[in-house]
Amino acid sequence: MYEVIVCGAGVQGLSTANYLVENKKKVLVIEQFPLPHVRGSSHGASRITRHSYDKSYYSQMMPECFDRWEKLANKTDLNLFNNCGLMTVGDHDYVTLVENNLKAGGIKHEIFDDAGVRKRFPGFSSGKELVIYEPSGGVLIADRCLQALQRSVLAGGGEIRDGEKVVLIEELVGEVGGTYVRITTNKSVYSTKKLVLTCGSWINKVIKPFGIQYPVKPVKINVLYWKAKDPSLYDIKRFPGVYIASANHFYSLPIMEYPEHMKVCFHAGVTIDPDQPAKISKSDEVVRASQYEYAVECVRNYYPELEQSPGVQENCIYTVTPDEDLILETLPGHSNIIVGAGFSGHGFKLAPAIGHILGDLALDRQPPYKLAPFSSERFKKKLSSKI
């Protein structure tokens, strides 16, 4: 019997497994798709990372995340982070919230108006909005982070079995008392004391037999890359990551993946079935087109030295909660099952702390962070339960 089985080998599941093997636990990770794959939310080459959050419960988690990513890089001898800095753009009130959290954490930062940011980073214009620049921020090399986590889990004695789909989860009573969980996949049957579900967009399909559904939506996002008129302006050695809160969560990463092309995306999409991600309704096609036009408008306003239409288009899937906060908890009414869900497009950078939290819950320990913001109790009127 395993001490913990983790269902889902994206960045959250692997981070949880890594924390557990660090604590000398017998761990199995089960992944429905052959690794690596592009069906979830963890694939790709880049993710922004930052201390700059307006919500203090995230900014308080980020020092551990930066520390654990660095330790993982040293352990696996892989470069996981490019320290290019990070700009957050917003109105005065938003920037003040971010600044207060950075001050509380002792994180160095600078504030610019449009003239100041144009002088520092000529390829960007903030208009009437303020910019708070965090030199310690930057870009995680996402696919390499996954490789490093896989290596670390296996080196710590953990097991990873991909291409196995979970088809049945049962809570059972042991012969000498106590309860455990039995997991049946399309290939085998496993038993464990605790089960951690980091299933991404499949979470509601997995927990449906328990009569519980979370208010989360799988959303398909356009990932767009725009050619630079002058690539030197947006090179990762000269230009930071950008998060524009005032533009309905618009973001960019400097040139690093495709030659002369910069990743600039709108943090919104259309609802899909993760098992059929190519199927989009006609009404959502209209929405998707309007989101594309909005992205073009934002590029025109904020990035004057980029061409006005993207040269490369890819897709990613987010699993979004109504408030875009996470769900980290024991599944209501099921003490042996732990859930990490609803990462809402900003969970990758937080994965080391999330793995710590989910691992502690699986070990019946008190996590080092307050969990009230991540409890499904906040959705009490919307949470459907037959318990």
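When reading the values below, keep in mind they use all heavy atoms of this one structure, side chains included, and skip hydrogens, waters and symmetry mates. Residue indices begin at 1 and follow the sequence shown.
Residue pairs that meet the side-chain hydrogen bond (donor to acceptor under 3.5 Å, both in side chains) test with at least one member in residues 34-43, sequence neighbours left out, are E31-H37.
Checking E3 against T192 by side-chain atom types alone, no donor-acceptor pair falls below 3.5 Å. In the model, S344 has no side-chain atom that pairs as donor or acceptor with a side-chain atom of E324 under 3.5 Å. Side chains of N101 and Y58: a donor-acceptor N/O pair is absent below 3.5 angstrom, by distance only. At a cut-off of 3.5 Å, with distance as the only test, a side-chain donor of H51 or E134 sits close to an acceptor on the other residue. A donor and an acceptor atom, one from each side chain of N222 and Q291, are nowhere located under 3.5 Å apart. Using modelled atom types and a 3.5 Å distance limit, the side chains of R50 and T88 yield no donor-acceptor pair.
Between Y243 and H267, the gap from one ring centroid to the other reaches at least 6.0 Å. Side-chain rings of Y318 and H346 stay apart, their centers remaining 6.0 Å or farther from each other. When ring centroids are compared, Y57 and F374 come within the 6.0 Å threshold. Between Y133 and F121, a ring centre-to-centre spacing shorter than 6.0 Å is recorded.
Atom-to-atom distance recorded for R151:CZ and N18:CG is 13.0 Å, nearest 0.5 angstrom. Between the CG atom of L35 and the CG atom of L14 there is a distance of 7.5 Å, given to the nearest 0.5 Å. Atom OG1 of residue T76 and atom CG of residue L149 lie 8.5 Å apart, to the nearest 0.5 angstrom.
Under the 4.5 Å side-chain heavy-atom criterion for grouping Ile, Leu, Val, Met, Phe, Trp and Tyr, I280 is not connected to V286 through any hydrophobic cluster. Both L195 and I207 are members of a single hydrophobic cluster when ILVMFWY side chains are connected at heavy-atom separations under 4.5 Å. Linking Ile, Leu, Val, Met, Phe, Trp and Tyr residues whenever their side-chain heavy atoms come within less than 4.5 Å leaves V219 and V223 in two separate clusters. Note on W202: it does not cluster hydrophobically with I272, by side-chain heavy-atom contacts below 4.5 Å among ILVMFWY residues. A single hydrophobic cluster is not seen to contain both Y303 and L86; linkage of ILVMFWY side chains at heavy-atom distances under 4.5 Å, directly or through other members, places them apart.
Counting heavy atoms of neighbouring residues, nucleotides and ligands inside a 6.0 Å radius, atom NZ of K75 exceeds 12 of them. Applying the 6.0 Å contact sphere to NZ of K217 captures no more than 12 heavy atoms from other residues, nucleotides or ligands. By the 6.0 Å contact criterion, NZ on K220 is enclosed, its count of non-hydrogen atoms from other residues, nucleotides or ligands being greater than 12. The local environment of NZ in K370 is sparse, with at most 12 non-hydrogen atoms from other residues, nucleotides or ligands closer than 6.0 Å.
Distance alone, capped at 3.5 Å, is enough to place a donor-acceptor pair between the N83 side chain and the P135 backbone. Here the side chain of W226 pairs no donor or acceptor atom with the backbone of V299 at under 3.5 angstrom.
In terms of the salt bridge (charged side-chain N to carboxylate O under 4.0 Å, His left out) criterion, D77 has no residue partners (sequence neighbours excluded). When the side-chain hydrogen bond (donor to acceptor under 3.5 Å, both in side chains) test is applied to W69, no partner is found at least two apart in sequence or on another chain. Among residues two or more places apart in sequence or in another chain, the ring pair (Phe, Tyr, Trp, His ring centres under 6.0 Å) test is passed with Y369 by none. For R47, there are no salt bridge (charged side-chain N to carboxylate O under 4.0 Å, His left out) partners two or more places apart in sequence or in a different chain.
With respect to the salt-bridge test (charged N to carboxylate O, under 4.0 angstrom), the residues K380 and E377 qualify. Under a 4.0 Å N-O distance rule, the pair E260/K227 qualifies as a salt bridge. Ion pair R118/D114 flagged as a salt bridge, since at least one NZ, NE, NH1 or NH2 atom sits closer than 4.0 Å to an Asp/Glu carboxylate oxygen. Under 4.0 Å is where a charged nitrogen must lie from a carboxylate oxygen, and between E70 and R68 no such pair does. Under a 4.0 Å N-O distance rule, the pair D273/K205 qualifies as a salt bridge. D91 has no carboxylate O lying under 4.0 Å from a charged side-chain N of K128, or vice versa, which leaves the two without a salt bridge.
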Got a list of side-chain donor-acceptor pairs under 3.5 Å for residues 165-173, not counting sequence neighbours?
from: K165; atom 1: NZ; to: Q32; atom 2: OE1; distance (Å): 3.3
from: E170; atom 1: OE1; to: R182; atom 2: NE; distance (Å): 3.0
from: E170; atom 1: OE1; to: R182; atom 2: NH2; distance (Å): 3.1
from: E170; atom 1: OE2; to: R182; atom 2: NH2; distance (Å): 3.4
from: E171; atom 1: OE1; to: H334; atom 2: ND1; distance (Å): 2.6
from: E171; atom 1: OE2; to: H334; atom 2: ND1; distance (Å): 3.4

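Across I236 and C84, no two heavy atoms sit closer than the pair O-CB, 3.4 Å.
When each of V6, T16, L20 is paired with L358, the side-chain contact (heavy atoms from CB on, under 4.5 Å) condition holds for T16 and for no other.
Both tests hold for K26 against Y2: distance to the six-membered ring centre under 6.0 Å, angle to the ring axis within 45°.
With contacts defined as side-chain heavy-atom distances shorter than 4.5 Å, the pair L154/I160 qualifies.
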